[in-house]
*Asks:* 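My structure is below; once you've seen it, I'll send some questions.
Just so it is clear, the structure is predicted and the values come from calculations on it, not from any experiment.
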Amino acid sequence: MTPALHICRACDEPITDPDDAVLVGYEAGNSGPGWDVWAHREHAELVVPDPAPIRVLARILIHHATRHPKAPGGTS
């Protein structure tokens, strides 16, 4: 059985040495199972989370905070 070919998320190059592959995350799929995210060992620290979900969460939290202000006395 041949080993799976992984592509480095940081440099988009194939990872030819299986010992050099580092699992850095998981991406969920919209209509099925997701997939693992791999990087070369020296690139693992360069991989950052996708900023889009972080922006969406920030907008939701801001909207919630402005629509539901805390009542006097600290209770909501």
*Asks:* Could you identify which residues cluster with Ile60, counting Ile, Leu, Val, Met, Phe, Trp and Tyr as linked when any side-chain heavy atoms lie under 4.5 Å apart, either directly or through a chain of such contacts?
*Replies:* Val56
*Asks:* For Glu27, give me all partners under salt bridge (charged side-chain N to carboxylate O under 4.0 Å, His left out), at least two apart in sequence or on another chain.
*Replies:* Arg9
*Asks:* Tell me the closest heavy-atom pair linking Leu23 and Val37, and the distance in Å.
*Replies:* CD1-O, 3.5 Å
*Asks:* Report the residues that fulfil side chain to side chain contact (heavy atoms under 4.5 Å, CB included) with Ala10, sequence neighbours left out, ordered by chain and then residue number.
*Replies:*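 Scan of Ala10 (side chain to side chain contact (heavy atoms under 4.5 Å, CB included), adjacent residues dropped) gives Cys8, His43, Leu46, Val47.
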*Asks:* Just to verify, what does Asp17 make a side chain to side chain contact (heavy atoms under 4.5 Å, CB included) with, not counting sequence neighbours?
*Replies:* Asp19, Asp20
*Asks:* Provide the closest heavy-atom pair for Ala44 versus Val22 in the form atom of the first, atom of the second, distance.
*Replies:* CB-CG1, 4.2 Å
*Asks:* Do any pairs count as a ring pair (Phe, Tyr, Trp, His ring centres under 6.0 Å) and have a residue in residues 6-31, sequence neighbours left out, and if so which ones?
*Replies:* His6-Trp38
*Asks:* Any pair with a residue in residues 28-40 that passes salt bridge (Lys or Arg N to Asp or Glu O under 4.0 Å), sequence neighbours left out, goes on the list, sorted by first then second residue, please.
*Replies:* none
*Asks:* Using side chain to side chain contact (heavy atoms under 4.5 Å, CB included) as the criterion, list what pairs up with Arg55, not counting sequence neighbours.
*Replies:*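 Testing Arg55 for side chain to side chain contact (heavy atoms under 4.5 Å, CB included), a comparison that skips the adjacent residues, returns Pro51, Ala52.
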*Asks:* Holding to side chain to side chain contact (heavy atoms under 4.5 Å, CB included), I want the full list of residues that pass it with Glu45, two or more places apart in sequence or in another chain.
*Replies:* none
